[in-house]
Number of protein chains: 2
Amino acid sequence: MLSRECGIISVMLNFEIHSEEGGARTGLLRMSRGNVHTPAFMPVGTNATVKAMTPEELMDMGAEIILGNTYHLSLRPGIEVIRAAGGLHRFMNWDRPILTDSGGFQVYSLSALRRIEPHGVHFKSHVDGSMHFIGPDEAMEIQSALGSDIAMVFDDCTPYPAEFEYALNSLQLTLAWARRCRELQKEDQALFGIVQGSAYKELRTMSIGGLLDIGFDGYAVGGLSVGEPKEVMHEMIRFVGPLLPRDKPRYLMGIGDLMDVLVAVDSGFDMFDCVMPTRNARNGTLFTSLGRVSIKRTEYKADARPLDPECGCYTCRHYSRAYLRHMFLTKEILSMRLNTFHNLFFYMTFFRNMREAIGRGEFQAFKKKREAMIGTEELQE
Amino acid sequence: MLSRECGIISVMLNFEIHSEEGGARTGLLRMSRGNVHTPAFMPVGTNATVKAMTPEELMDMGAEIILGNTYHLSLRPGIEVIRAAGGLHRFMNWDRPILTDSGGFQVYSLSALRRIEPHGVHFKSHVDGSMHFIGPDEAMEIQSALGSDIAMVFDDCTPYPAEFEYALNSLQLTLAWARRCRELQKEDQALFGIVQGSAYKELRTMSIGGLLDIGFDGYAVGGLSVGEPKEVMHEMIRFVGPLLPRDKPRYLMGIGDLMDVLVAVDSGFDMFDCVMPTRNARNGTLFTSLGRVSIKRTEYKADARPLDPECGCYTCRHYSRAYLRHMFLTKEILSMRLNTFHNLFFYMTFFRNMREAIGRGEFQAFKKKREAMIGTEELQE
């Protein structure tokens with residue numbers, strides 16, 4: 001097993017690679033608020049809460065870092081409220097690391113109206129229809145007020161499909177904004193660049209080159225999972241991963257389907273976030289060692305067995321499938337809690353097992369086994 | 001301080017009075033699944049869950065007994081499901097005592113259509129509009145399948161206002177059903193009778209007489225808080241309480257406004273249930289040592305103080321008013337959790353303090369102080 005320092009990247013963030021197997025690697029992100037074992041899954045805490053969970057529950061299941069949303073928090077409760085609280089960590093009672101996105105993706109995906117200008121984007125709030133403006137300056141100011149451990153540059157998320165010319169212009173805007181964000185970076189906050197370039201390999205390469213010229217604490221890949229076919233997404237993941245600096249953390253934004261995660265880890269990615277486990281939980285779709293379970297199905301009506309006999313989570317230790325089905329059908333809040341806890345626990349366990357497999361040099365076997373399982377399951381649905 | 005046995009009432013239930021001050025008393029209900037200190041507040045677990053809480057959280061805040069709803073559980077998930085799970089305790093992962101109501105009140109208050117017959121009530125489910133029938137036989141069978149520690153007789157809840165003649169007939173039906181329930185009582189389950197009689201003192205007296213002739217493990221008062229003025233409710237509470245046998249637990253059904261609770265404890269009542277703390281929590285109305293707080297109000301927008309500086313609950317130890325307001329306005333599940341935990345903790349603390357005050361012979365002072373506080377607060381609203 002390898003274990004060597006890759007050098008101090010910033011005051012805030014230090015990344016060590018512990019083991020490698022092909023492109024896949026395990027590592028440790030050291031930050032002042034705590035360490036993060038990679039490959040890491042970051043539960044999404046959009047509105048200053050990982051939906052249905054307390055911080056203690058997240059720690060119980062082994063979450064070492066969570067994600068916060070600049071776009072949502074700047075609209076509600078507003079930055080002044082969080083500043084008055086002493087930052088996002090204190091506001092939401094989470095003292096481990098937080099990564100904040102820059103709002104670029106939400107401006108693209110959530111706002112009803114969007115006008116892009118050289119210095120940022122005018123957009124209409126999805127909450128109350130009011131007009132707002134975010135550009136690199138605003139995104140950095142908001143993330144500084146939030147006090148996140150890792151900030152993201154403000155980027156223009158290129159829609160799919162996009163003409164080459166459009167994608168090129170969008171990418172150049174993202175690079176200009178990335179440079180501006182880097183100028184505004186504070187000493188106590190790490191900053192990651194975001195690779196764009198749509199499905200054009202030459203643009204992805206150009207994007208990486210531009211970001212490397214600027215220099216960041218880590219590199220993220222955006223503009224995927226925006227409507228492109230899975231093969232295109234996987235091709236881009238496999239193409240971009242190895243081009244990113246080996247000694248810096250690599251973050252694949254917004255992608256958390258475990259089939260995609262396996263491809264991305266194989267391509268050298270270290271960090272992931274996705275609403276899939278939490279959103280599916282609230283919709284009654286549960287991940288188990290035997291495949292996905294739709295808990296509302298009649299077959300579980302009187303099923304006294306735990307959801308997943310192989311799972312050691314609170315939900316599986318204390319409740320039956322019949323109870324989980326009843327909670328879901330009666331729309332009880334406990335349904336959201338028990339389902340969310342289970343799904344996040346499943347993800348955390350998946351990532352821990354994956355790290356251990358890489359450490360033992362058995363990632364390829366792990367990947368094959370999981371792909372076979374996930375493949376079967378998708379046929380069943 | 002008094003402390004004496006009042007004799008074994010049934011295999012399942014034993015009640016000791018520990019101290020008395022005027023009509024108020026403290027006591028201990030002993031049951032095979034655990035002891036309950038009285039006066040006791042029973043959180044309401046309608047659908048086999050106290051909304052938003054886990055059993056561990058209920059135990060943390062000192063809940064010794066909860067209430068389950070026969071009407072709701074018989075419609076969803078259905079008795080066969082709970083029977084297959086080994087009873088309600090195992091189904092919902094709560095191993096302390098459970099009291100189940102008989103469905104009488106819900107048939108009265110929730111069902112769209114109700115046809116009363118000598119052997120029970122035909123009613124339309126509020127869930128799917130299907131027709132059902134519950135009478136004393138069905139109520140006892142359901143409660144036996146649920147396996148509650150204390151069952152309630154099936155009663156006809158008299159609407160308010162009611163003509164004397166109507167109230168008399170309704171009461172006689174309740175007495176006939178009470179007798180039938182007593183015949184069907186199983187050895188392993190305590191059974192409480194229910195006093196009806198609307199706002200007629202002579203009918204309340206007749207009801208008590210009829211129930212005493214049959215003999216129950218405890219006596220409950222129903223048919224209050226159904227639209228009558230507060231003064232009428234308090235008059236009935238003060239009238240009925242002292243007429244109930246001193247050595248048996250006295251349960252005032254469905255009433256949990258703390259002003260009413262103080263009157264009822266003063267009149268000798270020992271057990272209470274109410275959705276007020278949990279429902280108010282979900283609506284953003286929080287109980288504090290300084291009065292009620294509507295957490296959505298703008299004045300709390302950037303308020304970094306805990307909800308109640310005198311409260312030691314999880315919510316008050318970890319979160320600010322600003323955070324609670326933000327959670328409420330964004331409709332986050334954590335809002336329901338934190339608010340519910342706080343309100344139930346407030347109720348549990350209120351009841352514990354009240355028991356201690358009675359134990360010290362200071363209940364009247366406690367009552368005066370609380371009434372003054374609650375009175376002020378109502379003026380503020």
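Each chain gets a letter, A, B and so on, in the order the sequences are listed, and its residues count up from 1.
- Proximity to chain B (any heavy atom under 4.5 Å) is restricted, for Arg337(A), to the side chain, taken from C-beta onward.
- Exactly one residue among Arg96(A), Arg33(A), Lys186(A) makes a salt bridge (charged side-chain N to carboxylate O under 4.0 Å, His left out) with Asp149(A). That residue is Arg33(A).
- Of the atoms belonging to Leu73(A), it is side-chain heavy atoms, and not backbone ones, that fall under 4.5 Å from chain B.
- Neither the backbone nor the side chain of Ile82(A) comes within less than 4.5 Å of any heavy atom of chain B.
- In this structure, no portion of Leu75(B) lies under 4.5 Å from any heavy atom of chain A.
- Across Leu329(B), Val127(B), Thr46(B), Asn93(B), the residue that shares the most heavy-atom pairs under 4.5 angstrom with chain A is Asn93(B).
- His318(A) and Tyr323(A) form no side-chain donor-acceptor contact under 3.5 Å, judged by distance and modelled atom types alone.
- The choice from Ala52(B), Gly78(B), Ser320(B), Ala85(B) that makes the most heavy-atom pairs within less than 4.5 Å of chain A is Ala52(B).
- No donor-acceptor contact under 3.5 angstrom links the side chains of Thr330(B) and Asn47(A), judged on distance only.
- For chain B, the option among Gly86(A), Ser335(A), Ala48(A), Pro55(A) with the highest count of heavy-atom pairs below 4.5 Å is Ala48(A).
- Interface remark: of the candidates Arg90(A), Arg83(A), Met92(A), Glu80(A), Met92(A) forms the most heavy-atom pairs closer than 4.5 Å to chain B.
- Chosen from Glu56(B), Arg325(B), His72(B), Arg282(B), the residue pairing most often with chain A at heavy-atom distances under 4.5 Å is Glu56(B).
- Side-chain atoms of Asp128(A) and Ser130(A) include a donor-acceptor pair closer than 3.5 Å.
- For Phe91(B), the parts lying under 4.5 angstrom from a heavy atom of chain A are both the backbone and the side chain.
- No side-chain heavy atom of Leu67(B) sits less than 4.5 Å from a side-chain heavy atom of Ile98(B).
- Between the side chain of Asn280(B) and the main chain of Leu286(B), no donor-acceptor pair closer than 3.5 Å is present.
- No donor-acceptor contact under 3.5 angstrom links the side chains of Gln189(A) and Ser144(A), judged on distance only.
- Using a 4.0 Å cut-off between charged nitrogen and carboxylate oxygen, Arg305(A) and Asp303(A) count as a salt-bridge pair.
- The candidate with the highest count of non-hydrogen atom pairs below 4.5 Å against chain A, out of Leu334(B), Val50(B), Leu338(B), is Leu334(B).
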